[in-house]
Enquirer: 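Pasting a structure below so you can have a look.
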Amino acid sequence: MLFGMSTSRRTLLKAGLGGVAAALTGSAWGAMVPASSKRNWKVILLTDTHVQSPEQAARAAKGFAMAQARKPDLIIFGGDNVMNVDGNKTFEDATGQFAKWRDLVSSNIKAPSHSVIGNHDIWWAKEDHPQATLRDKAMAIKNFDLPGRYYAVAMGDWKLVMLDVFHRDGCYVDAEQMAWLDEELAKSKGPVCLVSHAPILSATHFMELGAPKNGSWAVPTSWQVGNSVDLMKLFWKHPKVKLALSGHMHHIDRVDYHNVTYVCGGAVSGSWWSGAYHNFPPAFIELELSSEEMVRYTSVFYEGPAK
């Protein structure tokens with residue numbers, strides 16, 4: 001099932017980084033998502049894998065295999081799938097990281113899968129670079145097999161809306177994407193789940209730096225989508241939004257606000273493969289969705305229990 005115009009992946013890549021109102025029902029790595037809506041759905045969120053070295057890939061494979069063994073209907077990758085191709089990484093370094101990622105997924109994941117783009121997945125090459133056609137988000141779009149930098153996916157009664165929130169000038173949902181989202185939500189008949197790399201709303205920020213200084217909490221806008229209030233106005237306008245999933249913070253939390261449940265999914269890598277991050281070991285999230293709402297979610301710490 002497609003939302004809006006049908007556009008080939010080749011056309012999208014040639015068109016650059018613009019979003020599309022098209023949806024895939026499966027990925028290059030998995031089978032098609034079943035169309036029946038008369039059931040509950042098992043969805044697994046694997047976010048912040050940050051894979052680069054062979055040792056990291058081997059450890060990530062353990063978590064991916066465990067996730068696949070739980071027989072999910074769909075796997076969502078929450079971004080920062082590679083360690084970091086941002087900054088001054090060479091083309092060879094960046095392509096090598098993405099190659100490790102693709103091998104990790106193809107070797108361990110059989111379920112349908114979809115991804116958003118994290119800040120560390122963006123290759124910020126200069127415009128005059130010999131491989132400039134793959135600069136910014138184009139390399140991630142190609143290697144994650146995405147239809148565009150943002151898109152919608154049908155899963156039974158649910159619509160999954162995959163957002164792009166990191167840009168050269170900050171973390172937010174841009175005007176083009178916001179207009180598209182308004183249209184997508186307006187025509188949604190069933191419940192909607194949003195997926196963004198950075199949280200739309202989270203309590204994790206208040207635990208990140210400890211006690212507030214100078215009488216206030218210091219929460220960088222890179223930790224939460226900068227125009228979250230504008231997004232929430234859309235959610236109030238379109239009450240079909242029931243769930244919002246994210247990663248980025250490497251913490252796990254849940255916030256329920258105005259009939260929307262916000263879940264931050266921890267990190268497959270824990271603290272970038274150097275142990276637990278704020279006492280959150282490497283983990284992934286398993287969710288069960290009914291035809292109307294999230295029934296439950298479970299944190300799976302696959303390298304040891306939470307402390």
Enquirer: For the ring pair Trp101 and Phe77, is the centre-to-centre distance below 6.0 Å?
Expert: yes
Enquirer: Please check: side-chain N/O of Ser202 versus main-chain N/O of Pro199, any donor-acceptor pairing under 3.5 Å?
Expert: no
Enquirer: Can you tell me how far apart NZ (Lys110) and NZ (Lys71) are? Round to the nearest 0.5 Å.
Expert: 15.0 Å
Enquirer: Check whether any side-chain N or O of Glu184 sits under 3.5 Å from a backbone N or O of Val161 as a donor-acceptor pair, and report yes or no.
Expert: no
Enquirer: Residues in salt bridge (charged side-chain N to carboxylate O under 4.0 Å, His left out) with Asp182, at least two apart?
Expert: Lys237
Enquirer: Taking only residues two or more places apart in sequence or in another chain, which ones pass ring-ring contact (aromatic ring centres under 6.0 Å, His included) with Tyr262?
Expert: none
Enquirer: Name all residues meeting the side-chain contact (heavy atoms from CB on, under 4.5 Å) criterion together with Ala203; count only those two or more places apart in sequence or in a different chain, and write none if there are none.
Expert: Asp253, Val255
Enquirer: Partners of Tyr277 by ring-ring contact (aromatic ring centres under 6.0 Å, His included), sequence neighbours excluded?
Expert: His250, His251, Trp272
Enquirer: Give a yes or no answer on whether the side chain of Asp80 reaches the backbone of His120 with a donor-acceptor pair at less than 3.5 Å.
Expert: yes
Enquirer: With no hydrogens and no angle check, is any side-chain donor or acceptor of Lys159 less than 3.5 Å from a backbone partner on Cys193?
Expert: no
Enquirer: Within a strict 4.5 Å, meaning less than it, do heavy atoms of the Val268 and Tyr302 side chains meet?
Expert: yes
Enquirer: So, do Gln52 and Trp273 sit near enough that their side-chain heavy atoms are less than 4.5 Å apart?
Expert: no
Enquirer: Which atoms form the tightest heavy-atom contact between Ile285 and Ser299, and what is the distance?
Expert: CD1-OG, 3.5 Å
Enquirer: Quick one, Val116 with Leu163, criterion side-chain contact (heavy atoms from CB on, under 4.5 Å). Give me CA distance, side-chain angles, the key distance, then yes/no.
Expert: CA-CA 7 Å; Val116 294; Leu163 298 176; 5.7 Å; no
Enquirer: How close do Ile200 and Ser228 get, heavy atom to heavy atom, and via which atoms?
Expert: O-OG, 2.6 Å
Enquirer: Should Phe144 and His114 count as side-chain neighbours, where that means a heavy-atom distance under 4.5 Å?
Expert: no
Enquirer: What I'd like to find out is whether the side chain of Met155 reaches to under 4.5 Å of the side chain of Leu74, using heavy atoms alone.
Expert: yes
Enquirer: Indicate if Val295 and Leu160 have the same hydrophobic cluster label, given that clusters are the connected sets of ILVMFWY residues with side-chain heavy-atom separations under 4.5 angstrom.
Expert: no
Enquirer: Please find the pair of heavy atoms, one from Pro282 and one from Gly275, that lie closest to each other, and give the distance.
Expert: CD-O, 4.2 Å
Enquirer: Mind listing the side-chain donor-acceptor pairs of residues 122-130 below 3.5 Å, one per line with the distance, residues two or more places apart or on another chain?
Expert:
{"unit_1": "Trp123", "atom_1": "NE1", "unit_2": "Lys89", "atom_2": "O", "d": "3.0"}
{"unit_1": "His129", "atom_1": "ND1", "unit_2": "Gln131", "atom_2": "N", "d": "2.9"}

Enquirer: Would you say the side chain of Pro72 lies within less than 4.5 Å of the side chain of Val43, judging by non-hydrogen atoms?
Expert: no
Enquirer: Please report the C-alpha distance between Lys137 and Asp164 in whole Å, then the side-chain angles of each, then the deciding distance to 0.1 Å, and finally whether the side-chain contact (heavy atoms from CB on, under 4.5 Å) criterion is met.
Expert: CA-CA 10 Å; Lys137 296 164 188 172; Asp164 171 40; 2.8 Å; yes
Enquirer: Which residues satisfy the side-chain contact (heavy atoms from CB on, under 4.5 Å) test with Pro239, sequence neighbours excluded?
Expert: none
Enquirer: Give the intermediate values and the outcome of side-chain contact (heavy atoms from CB on, under 4.5 Å) for residues Phe206 and Val219.
Expert: CA-CA 7 Å; Phe206 300 104; Val219 178; 4.2 Å; yes
Enquirer: So, taking the atom named CG in Leu46 and the one named CG in Asn81, what distance separates them when rounded to the nearest 0.5 Å?
Expert: 9.0 Å
Enquirer: Would the distance check show the side chain of Gln56 and the main-chain N or O of Ser53 forming a donor-acceptor pair, the cut-off being under 3.5 Å?
Expert: yes
Enquirer: Is a side-chain donor or acceptor of Trp217 paired with a backbone partner of His205 at a separation under 3.5 angstrom?
Expert: no
Enquirer: Do Tyr172 and Gln224 pass the side-chain hydrogen bond (donor to acceptor under 3.5 Å, both in side chains) test, and can you show the C-alpha distance, the side-chain angles, and the key distance before you say yes or no?
Expert: CA-CA 8 Å; Tyr172 60 92; Gln224 180 168 301; over 6 Å; no
Enquirer: Nearest 0.5 Å, please: how far is CG in Leu245 from CE in Met294?
Expert: 8.5 Å
Enquirer: Under the side-chain contact (heavy atoms from CB on, under 4.5 Å) rule, collect the residues that match up with Ala198, sequence neighbours excluded.
Expert: Val165, Phe166, Cys171, Val225, His248
Enquirer: Going by salt bridge (charged side-chain N to carboxylate O under 4.0 Å, His left out), name the residues that satisfy it together with Glu55, two or more places apart in sequence or in a different chain.
Expert: Arg59
Enquirer: Can you tell me if Ser269 uses its side chain to pair, donor with acceptor, with the backbone of Asp48 under 3.5 Å?
Expert: yes
Enquirer: Counting C-beta onward and ignoring hydrogens, is there a side-chain heavy-atom pair between Phe64 and Val105 closer than 4.5 Å?
Expert: yes
Enquirer: Does Asn84 form a side-chain hydrogen bond (donor to acceptor under 3.5 Å, both in side chains) with His50? I'd like the steps, not just the answer.
Expert: CA-CA 7 Å; Asn84 61 326; His50 286 288; over 6 Å; no
Enquirer: So does Gly190 get a backbone contact from the side chain of Ser188, meaning a donor-acceptor N/O pair under 3.5 Å?
Expert: no
Enquirer: So Gln68 and Ile75, side-chain contact (heavy atoms from CB on, under 4.5 Å) or not? Walk me through it.
Expert: CA-CA 9 Å; Gln68 179 60 48; Ile75 286 177; 4.2 Å; yes
Enquirer: Within this structure, what is the NZ-NZ distance for the pair Lys240 and Lys187, rounded to the nearest 0.5 Å?
Expert: 15.5 Å
Enquirer: Any side-chain heavy atom of Arg70 sitting closer than 4.5 Å to one from Ile44?
Expert: yes
Enquirer: Give me the atom names and distance for the closest heavy-atom approach of Leu45 to Gly265.
Expert: CD2-CA, 3.9 Å
Enquirer: What pairs with Ser222 under side-chain contact (heavy atoms from CB on, under 4.5 Å), at least two apart in sequence or on another chain?
Expert: Pro220
Enquirer: So which heavy atom on Ala244 is nearest to which on Val260, and how close?
Expert: N-CG1, 4.4 Å
Enquirer: Ignoring hydrogens and geometry, is there a side-chain-to-backbone donor-acceptor pair from Thr95 to Glu92 under 3.5 Å?
Expert: yes
Enquirer: Output all residues satisfying salt bridge (charged side-chain N to carboxylate O under 4.0 Å, His left out) with Asp256, sequence neighbours left out; order by chain, then residue number.
Expert: Arg254
Enquirer: For Asp174, which residues count as a salt bridge (charged side-chain N to carboxylate O under 4.0 Å, His left out) partner, sequence neighbours excluded?
Expert: Arg149
Enquirer: Check this for me: Asn88, atom CG, are more than 12 non-hydrogen atoms of other residues, nucleotides or ligands nearer than 6.0 Å?
Expert: no
Enquirer: Considering residues at least two apart in sequence or located in another chain, which fulfil the side-chain hydrogen bond (donor to acceptor under 3.5 Å, both in side chains) criterion with Arg296?
Expert: Glu286, Glu288, Thr298
Enquirer: How close do Leu104 and Ala60 get, heavy atom to heavy atom, and via which atoms?
Expert: CD2-CB, 3.8 Å
Enquirer: Counting only N and O atoms by type, is there a donor-acceptor contact under 3.5 Å from the side chain of Asp121 to the main-chain atoms of Ala140?
Expert: no
Enquirer: With a 4.5 Å cut-off on side-chain heavy atoms, are Ile76 and Met162 touching?
Expert: yes
Enquirer: For Phe98, which of Leu134, Val51, Asp103, Asn143 qualifies under side-chain contact (heavy atoms from CB on, under 4.5 Å)?
Expert: Asn143
Enquirer: In this structure, would Met207 and Leu201 fall into the same cluster of hydrophobic residues linked by side-chain contacts under 4.5 Å?
Expert: no
